[in-house]
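Residue indices begin at 1 and follow the sequence shown. Every heavy atom of this structure was used, including side-chain atoms; hydrogens, water molecules and symmetry mates were not. Just so we're clear, the structure is a prediction, and the values are computed from it rather than from any experiment.
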Amino acid sequence: MIEGECISSSLLDRAHEVVAEVLQEGDTVVDATLGNGHDTLFLAGCVGSSGMVFGFDIQQAAISSTAERLEAAGVDRYCYQLKCESHAEIGRYVTGSIRAAMFNLGYLPGGDKRKITQSRSTIAGLSTAGSLLSGGGVLTVMCYPGHDGGADEVAKVNEFVHALDIDQWSVSLYLRREATDESPYLWVVNKNSAKTLSS
Ligand code: SAM
């Protein structure tokens, strides 16, 4: 069963809250869409100097922006790996289990709005992240139906989420109170046990 909730606070803040709930110092996590590195910095803070953040983005601008943010915040260089690579390739770089993966879809804020996440690689990334997730871990997916191509992509994400086996996964949907069809929304997918992804 999918739980739905309308909230008045920020969806990005809610994503951070649900991820923080499951993380501990020393965990390994994935930021699947680095952008300007806000989520990466948040994840690095949660897992601490004994943890590891793997970050992916297809744009060098995002890698640079994220690296600057982490360096400015004094995050230990050995606690993160930033890859200029699609999140479809997560499995080439991350082989052990992860405790969380954050997907923030769409385009780089302040960047080229034509370089958007695409359903094919997004679903590939979600599938791999789901299979790497340990029991009790969480995936978050910020969806943006409002830009060109966004509605098609999030329709595929919705299909992916609805196809998950409810014996293995708990799924919640968060919307802002005043949401329209084009408003962003957030999927939160918790893995119930240490089983493999069934979708
Ligand atoms: N999480 C970011 C932050 O905290 O600033 C915002 C992410 S932004 C909304 C989406 C990012 O996804 C863009 O930087 C874009 O380059 C990136 N992207 C697009 N396709 C991708 C792919 N296949 N793999 C990884 N990143 C991708």
>> Going by side chain to side chain contact (heavy atoms under 4.5 Å, CB included), name the residues that satisfy it together with M52, two or more places apart in sequence or in a different chain.
In response: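 Partners of M52 under the side chain to side chain contact (heavy atoms under 4.5 Å, CB included) test: T28, F54, Q81.
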Could you give the distance from [atom1] ([X]) to [atom2] ([Y]), rounded to the nearest 0.5 Å?
X    : Y    : atom1 : atom2 : answer
L23  : E25  : CG    : CD    : 10.5 Å
W187 : M142 : CH2   : CE    : 12.5 Å
I58  : K115 : CD1   : NZ    : 7.5 Å
E153 : R120 : CD    : CZ    : 14.0 Å

> What ring-ring contact (aromatic ring centres under 6.0 Å, His included) pairs are there with at least one residue in residues 95-127, not counting sequence neighbours?
Replying inline: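 Listed once each, the pairs are H87-F103, Y107-H147.
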>> Counting C-beta onward and ignoring hydrogens, is there a side-chain heavy-atom pair between Y174 and T140 closer than 4.5 Å?
In response: no
> With a 4.5 Å limit on heavy-atom distance, are the side chains of S172 and E5 in contact?
Replying inline: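 A side-chain contact is absent here, since even the closest heavy-atom pair is not under 4.5 Å.
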> Per the side-chain contact (heavy atoms from CB on, under 4.5 Å) rule, which among D31, I63, L82 passes with D57?
Replying inline: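 Answer to the side-chain contact (heavy atoms from CB on, under 4.5 Å) test with D57 among D31, I63, L82: I63.
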> Counting only heavy atoms not in K83, do more than 12 fall under 6.0 Å of its NZ?
Replying inline: yes
>> For I7, I'd like to know if atom CD1 has over 12 heavy atoms of other residues, nucleotides or ligands within 6.0 Å.
In response: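 Above 12, so yes.
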Hey, is the main chain of [Y] close enough, under 3.5 Å, to the side chain of [X] for a donor-acceptor pair?
X    : Y    : value
T117 : G106 : yes
S65  : A61  : no
K156 : S119 : no
D152 : G149 : no
R176 : S9   : yes

> Can a donor-acceptor pair be found between the side chains of S183 and T180 at a distance below 3.5 Å?
Replying inline: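 Per modelled atom types, S183 and T180 side chains form a pair under 3.5 Å.
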> Between T33 and N104, does a side-chain hydrogen bond (donor to acceptor under 3.5 Å, both in side chains) hold up when you go through it step by step?
Replying inline: CA-CA 6 Å; T33 51; N104 189 346; 5.5 Å; no
>> Filter on salt bridge (Lys or Arg N to Asp or Glu O under 4.0 Å), then keep only pairs touching residues 91-100, sequence neighbours left out; what's left?
In response: E85-R92, E89-R92
